[in-house]
Amino acid sequence: MRGWVLDCYPDMDADRMVLWFKTPGGAVRVVDDMTPHIYVHSSRERLDKLKNDLAMIGVKDAEREKRRISLGDDEKDVLAVPVREYASLQSLAATIDSWGRYREHSLYNVDLRMDQRYFLHKGLFAMGLAEIDGLRSLDAWRRIDYPVPMLKGLELGVKVRGTGIPTMDDPLISISANSITLDGPEDAVLEEFMSLVREEDPDIIYTDKGDSFVLPYLQHRASLHGMNMELGRERGERTSRGKSYFTYGRIVYKPPAHKLRGRVHIDREASFTYGEAGLPGLIEMSRLSHIPLQDISRLSPGSAISAMQVNEAVRSGHLIRWKKNLPEGFKTAGALIACDRGGFIYEPRVGLHDDVWEVDFFSLYPSIMVRHNISPETLNCACCPRSPLIVPEIGYRICEKRTGLIPRVLEPILNRRRVYKSMKDDPRKGANYQLRAKALKWVLVTCFGYTGYRNARFGRIECHESITAYGRDILVRSARIAESRGFEVLHGIVDSLWLHGGGDIHRLCDEISAEFGIPLNIEGRYRWIVFLPSVSTGVGALNRYYGLFDDGELKLRGIAARRRDAPAIVEELQQEMLQCLSQAGNAQEFIDTVPEALLVMDDYAAELRGGGVAAERLIVRKRISRRLEEHTRFNDPVAALRQLHDRGFELEPGQSVEYVILDSGSGRSWDRVRAAPFLADDGYDREKYVELVHRGAAELLSPFGWSFQRIRGRDGSQRR
DNA sequence: ACGGCACGGGG
DNA sequence: GTGTACGTGCCGT
């Protein structure tokens with residue numbers, strides 16, 4: 001019998017691994033033995049002593065072996081320590097660690113996921129197809145066009161009695177499961193739902209806020225009736241630790257995960273990847289990272305790339321150091337300045353332009369890592385003291401003998417993304433491929449950030465510096481080539497250039513692509529584009545612009561309409577003004593349309609002053625970074641936090657507070673704003689919202705003489 | 001004027 | 001279980 005690896009986790013009591021396979025006939029549970037090992041590196045003598053010491057505390061069969069302990073290095077003596085009791089792994093590692101004085105010995109393969117260990121040991125992987133009897137893989141994770149199982153999904157939602165912020169104490173009104181709604185007495189509804197899950201036997205349960213509310217809530221309500229809410233195919237959940245406050249309609253800012261056994265719970269709210277790339281994206285990431293679907297759904301793309309790096313390191317014979325140990329090399333003060341410049345940014349030509357091409361490099365930073373072999377072990381390696389491969393500006397040497405770990409991991413990902421993108425119009429598979437490409441895009445983006453992250457396993461700040469150094473070099477030289485071909489460079493950010501006029505854009509892209517070995521693609525041609533000035537300095541703001549492509553699509557960056565804290569009314573205003581400006585086909589027509597856009601603004605101001613705007617369009621949302629008592633200034637978000645506090649709800653850093661402004665200047669929190677859960681018919685601060693609308697308009701039109709001050713003056717004279 | 005605070009991207 | 005750095009704008013003090 002064959003099936004796909006749907007789930008994999010340790011049975012901590014039996015010290016065996018549990019596997020769930022999805023077969024066309026249903027789900028199959030299998031258990032398998034695995035003894036994880038941790039490794040210690042030290043001198044031979046110390047390892048022998050360690051072996052004896054371990055025997056004294058009952059750990060037998062520790063064996064000396066030769067293994068690779070750092071990237072690109074030769075094999076060293078290590079002691080392989082079998083861990084028979086899964087639950088004791090961390091404490092055993094801590095004990096061994098405590099036996100060594102500073103740097104006397106180091107530990108490996110301690111903080112490896114159990115599922116990943118098992119997969120690497122067995123040659124299986126998550127969502128891969130396998131022969132169930134004998135546990136043999138029938139699949140290869142590198143396959144691009146792989147077989148995907150039919151997975152049965154169940155959409156779970158609850159309706160709760162109560163107003164404002166739902167709590168565990170509110171009784172259940174109904175449960176919805178796909179298109180079915182179960183209602184009636186609470187205990188009957190819960191009972192019915194459990195039997196429905198048993199009968200339907202879904203592979204995936206989808207929720208919104210399942211981790212933070214729905215699942216703990218259902219369990220709590222069931223317990224009140226003496227029932228046990230079991231939603232997995234096996235009893236028990238795999239709940240991670242987490243503090244369980246109940247605030248603002250959800251538990252905590254980092255809720256404990258509620259992972260089922262043998263069945264996948266995907267909490268859309270808790271899954272960045274699902275939101276971006278759906279189930280096809282999750283499956284792609286699961287296969288590449290070897291992390292089960294349910295787990296990868298809750299991890300960031302950064303964790304996924306980290307897992308892929310671990311896989312590659314283990315497959316190429318390396319042990320994984322417990323904590324990262326590549327210290328940042330010595331640098332002089334001058335070198336620090338030269339290195340820390342980040343991505344290159346041209347100063348944009350502020351204002352309006354037409355006939356503009358935007359060109360972007362394909363995954364520039366990952367492509368640089370692959371093409372220039374940038375990896376922690378390839379920079380200033382000991383094996384190539386005379387290497388001619390030198391990073392521009394900062395002069396690091398790059399290994400010319402071996403391909404580094406990071407390029408080995410990235411190369412297939414770049415390739416897959418390219419293939420998926422090229423097949424996005426395939427009538428049968430295109431939609432899925434596009435989602436897979438999206439998931440990979442995020443993996444690639446975060447890989448760069450990870451190289452500079454101090455806790456990354458395979459991070460090294462010099463990689464980060466080298467990548468941006470190459471990036472600047474490539475962008476500056478590309479701009480020069482463009483100029484030599486008759487284009488005017490209007491703006492450039494990291495991997496993109498905006499070019500005006502000139503000759504054959506396709507030939508230019510081909511020439512630059514060939515020069516650097518990285519594809520330069522045409523993003524589009526703008527009928528017009530506006531680069532906005534910085535409000536404070538007046539020179540070009542680096543990342544704030546809006547423009548209209550030839551196909552009628554608008555591209556917006558950095559303006560209120562793109563910001564999550566802007567109230568809907570301001571977003572609508574800007575969108576409507578932009579729709580109005582979209583009638584213009586070139587710069588001159590744009591200028592002629594500006595007065596019409598101002599009339600749109602006036603309509604919004606009048607509507608606000610009329611007092612009839614619905615509260616939902618006025619809600620401001622801010623993410624808070626500290627608790628109420630830690631705030632030193634009294635402002636709108638603090639006022640809203642105080643209201644929630646007054647009613648017994650606390651927000652954790654990382655959560656968002658939502659409110660409507662009632663009286664902007666007030667020093668009393670209940671007069672100043674109204675937190676969204678307590679909204680009644682409170683009205684709003686009409687002049688404050690008019691001001692926000694005027695600011696939103698000025699943000700778009702300041703290059704055309706309509707500064708915020710002038711708009712205010714115009715407003716004043718119109719009202720007189 | 002200064003400093004606290006929040007946001008951004010890609011499609 | 002975890003991407004960073006930093007430019008930008010608003011607003012309270």
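Residue numbers start from 1 in every chain, and the chains themselves are labelled A, B, ... in the order their sequence lines are given, proteins ahead of strands.
Residue contacts for A:I305: at a heavy-atom cut-off of 4.0 Å it reaches no nucleic acid atom on any strand shown. Heavy atoms of A:S306 sit nowhere under 4.0 angstrom from any nucleic acid atom.
One side chain, A:E650 or A:H645, offers a donor N or O that lies under 3.5 Å from an acceptor on the other. With no hydrogens or angles considered, no side-chain donor-acceptor pair links A:Y659 and A:Q643 at under 3.5 Å. For A:H491 and A:R349, the side-chain atoms include no donor-acceptor pair closer than 3.5 Å. For A:S271 and A:R298, the side-chain atoms include no donor-acceptor pair closer than 3.5 Å.
Atom CE of A:M369 is separated from atom P of C:dG3 by 15 Å (rounded to the nearest Å). Atom CZ in A:F448 sits about 8 Å away from atom C1' in C:dT4, given to the nearest Å. The distance from atom CG of A:D551 to atom P of B:dG11 is 14 Å, rounded to the nearest whole Å. Look at CZ on A:F634: it is 14 Å from C1' on C:dT13, rounded to the nearest Å. Per the geometry, CG belonging to A:L641 stands 15 Å off C1' belonging to B:dG4, to the nearest Å. A:R642 places its CZ atom 16 Å from the P atom of C:dG12, with the value rounded to the nearest Å. When rounded to the nearest whole Å, the span between CG of A:D565 and P of B:dC7 equals 5 Å. For the pair A:E553 CD and B:dG11 P, the interatomic distance rounds to 12 Å; values are reported in whole Å.
For the pairing with A:R460, the side-chain contact (heavy atoms from CB on, under 4.5 Å) check across A:L71, A:I406, A:L379, A:I374 returns one residue only, A:L379.
A salt bridge links A:R457 to A:D111: at least one charged side-chain nitrogen sits closer than 4.0 Å to a carboxylate oxygen. A salt bridge is defined here as a Lys NZ or Arg NE, NH1 or NH2 lying under 4.0 Å from an Asp or Glu carboxylate O, and A:E571 with A:R562 fails to meet this definition.
Within residues 684-699 of chain A, the residues approaching DNA chain C are A:K688, A:R695, by heavy-atom distance under 4.0 Å.
A:K441 has a side-chain polar atom (N or O) that falls below the 4.0 Å cut-off from OP1 or OP2 of B:dG11. Applying the 4.0 Å criterion to OP1 and OP2 of B:dG9, one finds that A:R562 has a side-chain N or O inside that range. For A:R564 and B:dC7, the shortest distance from a side-chain N or O to OP1 or OP2 is below 4.0 Å. The side chain of A:S303 contributes no N or O atom lying less than 4.0 Å from OP1 or OP2 of C:dG1. OP1 or OP2 of C:dG12 lies within a sub-4.0 Å distance of a side-chain N or O belonging to A:R672. Phosphate contact (OP1/OP2 of C:dG1, side-chain N/O of A:S300, threshold under 4.0 Å): absent. OP1 or OP2 of C:dG9 sits under 4.0 Å from a side-chain N or O of A:R544.
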Exercise. For A:Y396 and A:E462, what are the C-alpha separation, side-chain angles and deciding distance, and is it a side-chain hydrogen bond (donor to acceptor under 3.5 Å, both in side chains)?
Worked result: CA-CA 8 Å; A:Y396 299 147; A:E462 289 90 338; 5.0 Å; no
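A ring-centre distance under 6.0 Å is found for A:F448 and A:H464.
A:R668 forms no cation-pi arrangement with A:W670, by the criterion of a distance under 6.0 Å to the ring centre and an angle within 45° of the ring axis.
Out of C:dT2, B:dG8, C:dG12, the shortest distance to the side chain of A:R563 is found at B:dG8. When the nucleotides B:dG11, B:dC7, C:dG3 are ranked by their closest atom to the side chain of A:T446, C:dG3 comes out on top.
Stretches of at least 3 consecutive Watson-Crick or G-U wobble pairs, with each checked distance under 3.5 Å, appear in DNA chain B as B:1-8 with C:6-13.
Using atom P as the reference point in both B:dG11 and C:dT4, the two lie 22 Å apart (nearest Å). A distance of about 23 Å separates the P atoms of B:dG9 and C:dT2, rounded to the whole Å.
For the residue pair A:S656 and A:L651, the shortest heavy atom distance occurs at O-CD1, 3.5 Å.
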